[in-house]
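Working notes, structure below.
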Amino acid sequence: MRLAVDQPPPQHQLVLAGGGHSHALLLRRWCMRPEQRPAATAITLVNRHSTAFYSGRVPALVAGLLAPEDCTIDLRRLCGLAGVSFVQAEIIGLDLKRQDLGLAGRPALRWDRLSLDLGAVTAAGGWAATAHGAGAMPVKPLEPFLAWVQQRQAGEMVRIRGGGAAAVELALALRSRGLTCRLLMRGTTLQLGSAAANRRGEQVLAEAGIVLERQVPEAAQADLACTGSRAPSWLARSGLPVEPTSGRVLTEASLAVLGHPRVFASGDCGLIATAPRPASGVWAVRAAPRLASNLRRSLEQPERPLQAWRPQGRALQLLGDGGWQPSGPRALASWGPWVLGPSRWLWHWKERIDRRFMAGFLELGSEGRRPAMACRGCAAKLAAAPLAAALARLNPQATGPGPAEDAALLGTTAEGQLLLQSVDGFPALLSDPWLNARLTTLHACSDLWASGAQVDSAQALVTVPAAAAGLQEELLLQTLAGVRSVLDPLGARLIGGHTLEGRDGAGLALALTVNGRTPPERHWPKGPLRPGDALLLCGPLGTGVLFAAAMAGAASPSWIEGALERMQHCQAPLVELLAAHGCSACTDITGFGLLGHLGEMVASSVSPEALELRVILDADAIRALPGALELLEQGWASTLAPSNGQALALLEGPIQLRRSAGSPLRALLIDPQTCGPLLAALPAERAEAALEALRGAGFHDAALIAQVATTMS
Ligand SMILES: Cc1cc2nc3c(=O)[nH]c(=O)nc-3n(C[C@H](O)[C@H](O)[C@H](O)COP(=O)(O)OP(=O)(O)OC[C@H]3O[C@@H](n4cnc5c(N)ncnc54)[C@H](O)[C@@H]3O)c2cc1C
């Protein structure tokens, strides 16, 4: 839960289901005018991807005139700026009695107010089941359709079912990619809103060599279905009132659902019963201001009546021709019975409107694109220097051989197994409490896995922000369910814990004590490293810089999505795999970065004899998460990186680079990691087989990164 600092503790939970056009504009409004955000309300947006398409630009994307980033809104970032929690999940149902939204693979989300802006999926559109049954690719949802477009080869024939604006624009866009298109229509004319627009549309298609087939039988084979849209079917199943043909949720003019004043619907999934409009992005956009004011009123002044929205009667339609001619793209405009174009200036006009719409999102928060906030996750740890100094003062007599182990040895079971314990945690890295808890748990468990132990149990210390009891219950439930989502598949148990209420504006934080066991022969310390060892890094690096840059909007949404997916890769199977290949020492790469943790392995290895270890590090072999090196090159870094930089001095001592490394790679060596990979030492002669085994088990980014040798001191 993210709250603006000056907001009172939240009492209500508003869930925005779907990141459609209305909701994206709502978030934008709250970024620009935080005072218009509903007071004392925790707000969560749920969307299946972290980006949403601006539909007006999709045909130009298909035509290859624009890149995906020109047409997508970064919802995760927008939520961050608006103080809204972002949950990336598939919504699968709605329980009106319990007031919760069902999500795939994770607990349902409770709401006091729910706003639906989920768009639509492609409908059979009168083609009965054959539109999908015959294997045609539905145009909605857009993401799979766009992936399908990428697989089409120039010269390929595409038969498109449909005769509306989307079918016409996509046929022209695909033509611009060098495909041959035919349009299969059930009736005799296009459906562009007027006879004049239909005629002009037919001319444009004919010029482009796109054949129109009329009165095509229902069973005719097609490749792409642009056959109109219908709302997701689970909306009707939930018991909400829907229009029978389209399944769109029926609302009052206020956008509150008929008979359900706590639920709102806008965009393609909603339909005002007294003023129905066709499914189109225009109305999703226009509805946003009224939706914003009515959601606020419903939460802040529920006794006052909501205000009606009177949508305009008709909308201007601008259709691009994809730019298949060498002279460049043109557009056709239609408004009621009138039609203009196609012409180049209409295209420029359309582009200007679309560019302005997108700029309204891209320019948000772009002032001073450097992270204003300190980094979170494992990058929120204390630097190495104060930690070491405090421990030295606490225990001045200690003259141990090297750094302490991350997992402490508690004792031995009757069967001779070693009992190990570790503790870890940090302020929430993400605003999604469930996913945040998953990541924190995986991170905490990795200390045990690096010791060769399997996880048995955990206890959790959860700090929940000040809020109404129901909201705290929800945050705690989501957090504990996230912890269990890691422990349950391991056969480990959550055996207890404590809760705290965050004071002075403190947000959600989670720390875990994790307990495990291992046979003594598989208890891996950090060192000593042995001459002849190879070092195996079990995954990629780069989470510190990626999340630092994401706070300033400088990281591509796909990089963050990729990093989050990789961070959720459970490392428990590595214990058996590494043991089977002779692992003798291991650590996990976390707050101090690769070099800091490798330095600890080396420090655990200094022998009193004349021989000193030398680690030859092949920095080029280290895998980076997509985007990490680009960001480091641009000068982005986690707030913990500067203090981690002390470890670079090791490169003048016991750790030597095989080849000189450029500055991004050197910066990657000190990047703090959340859910970072294990770093294992094993005999060099077994290293290749170990690498193959790891990659076979799904650890595709594992790499042999160093050799251990000796030198005369
Ligand atoms: C090719 C094409 C071109 C178009 N061009 C135009 C145009 O120029 N102008 C225009 O006005 N309209 C256009 N449209 C229509 C336009 O796409 C829709 O009317 C518009 O996108 C509807 O907006 P919305 O806010 O209802 O939802 P959408 O923009 O569809 O957004 C819905 C969001 O909800 C998410 N979502 C859906 N279901 C779930 C779920 N179960 N769980 C989690 N998340 C979910 C989706 O991922 C999506 O991000 C076009 C349509 C197509 C197919």
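When a ligand or atom number is given, it counts from 1 through the structure's own listing order. Basis for what follows: all heavy atoms, side chains included, without hydrogens, waters or symmetry-related copies.
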> Between Arg277 and Trp283, is there a donor-acceptor pair closer than 3.5 Å when you use the side chain of the first and the backbone of the second?
Replying inline: no

>> I need the nearest protein heavy-atom contact for atom 37 (C) of ligand 1: residue, atom name and distance, please.
In response: Leu118 O, 3.0 Å

> Any idea which protein heavy atom is nearest atom 18 (C) of ligand 1, and the distance to it?
Replying inline: Asp268 OD2, 3.1 Å

>> Which residue and atom name correspond to the protein heavy atom nearest atom 23 (O) of ligand 1, and how close is it?
In response: His21 ND1, 3.2 Å

> Is there a donor-acceptor contact under 3.5 Å linking the side chains of Arg29 and Gln36?
Replying inline: yes

>> Is it the case that the side chains of Thr72 and Thr51 hold a donor-acceptor pair, with the cut-off being a distance below 3.5 Å and no angle test?
In response: no

> Taking the minimum heavy-atom distance to atom 12 (N) of ligand 1, which of Gly320, Gly281, Gly228 ranks first?
Replying inline: Gly281

> Between Arg290 and Ser293, is any side-chain donor less than 3.5 angstrom from a side-chain acceptor?
Replying inline: yes

> For atom 16 (C) of ligand 1, which protein heavy atom lies nearest, and how many Å away is it?
Replying inline: Ser55 OG, 3.3 Å

> Which ligand 1 atoms are under 4.0 Å away from a heavy-atom of Ala52?
Replying inline: 49 (O)

> Does Glu90 reach ligand 1 with a nitrogen or oxygen that is under 3.5 Å from one of the ligand's nitrogen or oxygen atoms?
Replying inline: yes

>> Judged on heavy-atom distance to atom 27 (O) of ligand 1, which of Pro278, Gly102, Ala104, Gly119 sits nearest?
In response: Gly119

> Would Asp432 and Arg106 count as a salt bridge (Lys or Arg N to Asp or Glu O under 4.0 Å) if you check the C-alpha gap in whole Å, the side-chain angles of each, and the deciding distance to 0.1 Å?
Replying inline: CA-CA 12 Å; Asp432 172 355; Arg106 49 180 287 166; 2.7 Å; yes

> Looking only at atom types and distance, does a side-chain atom of Arg57 sit under 3.5 Å from a main-chain N or O of Pro68, one as donor and one as acceptor?
Replying inline: no

> Under 4.0 Å from any heavy atom of Gly267, which atoms of ligand 1 are there?
Replying inline: 26 (O)

> Has Ala89 got any heavy atom lying under 4.0 angstrom from an atom of ligand 1?
Replying inline: yes

> Strictly under 4.0 Å, does any heavy atom of Ser280 approach an atom of ligand 1?
Replying inline: yes

>> Regarding Arg214 and Glu202, does a basic nitrogen lie under 4.0 Å from an acidic carboxylate oxygen?
In response: yes

> Short list, please: which atoms of ligand 1 are under 4.0 Å from a heavy atom of Gly18?
Replying inline: 34 (O)

Side-chain donor-acceptor pairs of residues 550-564 under 3.5 Å, sequence neighbours excluded:
{"residue": "Ser556", "atom": "OG", "partner": "Ser558", "partner atom": "N", "Å": "3.2"}
{"residue": "Ser556", "atom": "OG", "partner": "Ser558", "partner atom": "OG", "Å": "2.9"}
{"residue": "Glu561", "atom": "OE1", "partner": "Gln88", "partner atom": "NE2", "Å": "3.4"}
{"residue": "Glu561", "atom": "OE2", "partner": "Ser50", "partner atom": "N", "Å": "2.9"}
{"residue": "Glu561", "atom": "OE2", "partner": "Ser50", "partner atom": "OG", "Å": "2.5"}

> What is the nearest protein non-hydrogen atom to atom 24 (P) of ligand 1, stated with its residue, atom name and distance?
Replying inline: Asp117 OD1, 3.4 Å

> In ligand 1, which numbered atoms sit nearer than 4.0 Å to a non-hydrogen atom of Gly56?
Replying inline: 7 (C), 8 (O)

>> Quick check with a 6.0 Å cut-off and a 45 degree axis cone: is Arg152 positioned over the face of Trp148's six-membered ring?
In response: yes

> Going by an N to O cut-off under 4.0 Å, is there a salt bridge joining Arg98 and Asp95?
Replying inline: yes

>> Within the 4.0 Å heavy-atom shell around Leu170, which atoms of ligand 1 are there?
In response: 1 (C)

> Is any side-chain N of the basic residue among Glu90 and Arg48 closer than 4.0 Å to the acidic one's carboxylate O?
Replying inline: yes

> Which residue and non-hydrogen atom of the protein lie closest to atom 52 (C) of ligand 1, and at what distance in Å?
Replying inline: Ala166 CB, 4.0 Å

> Taking the non-hydrogen atoms of Gly19, is any one of them nearer than 4.0 angstrom to ligand 1?
Replying inline: yes

>> Please list the nearest protein heavy atom to atom 34 (O) of ligand 1 with its residue and the distance rounded to 0.1 Å.
In response: Asn47 OD1, 3.3 Å

> Under 4.0 Å from any heavy atom of Val282, which atoms of ligand 1 are there?
Replying inline: 11 (O)

> Ignoring hydrogens and geometry, is there a side-chain-to-backbone donor-acceptor pair from Asp117 to Ser22 under 3.5 Å?
Replying inline: yes

> At what distance is the nearest protein heavy atom to atom 42 (N) of ligand 1, and which residue and atom is it?
Replying inline: Ile91 N, 2.9 Å

> Relative to atom 40 (C) of ligand 1, which among Gln317, Lys350, Arg48 owns the nearest non-hydrogen atom?
Replying inline: Arg48

> Hey, does Thr41 have a side-chain heavy atom less than 4.5 Å from the side chain of Asp112?
Replying inline: no

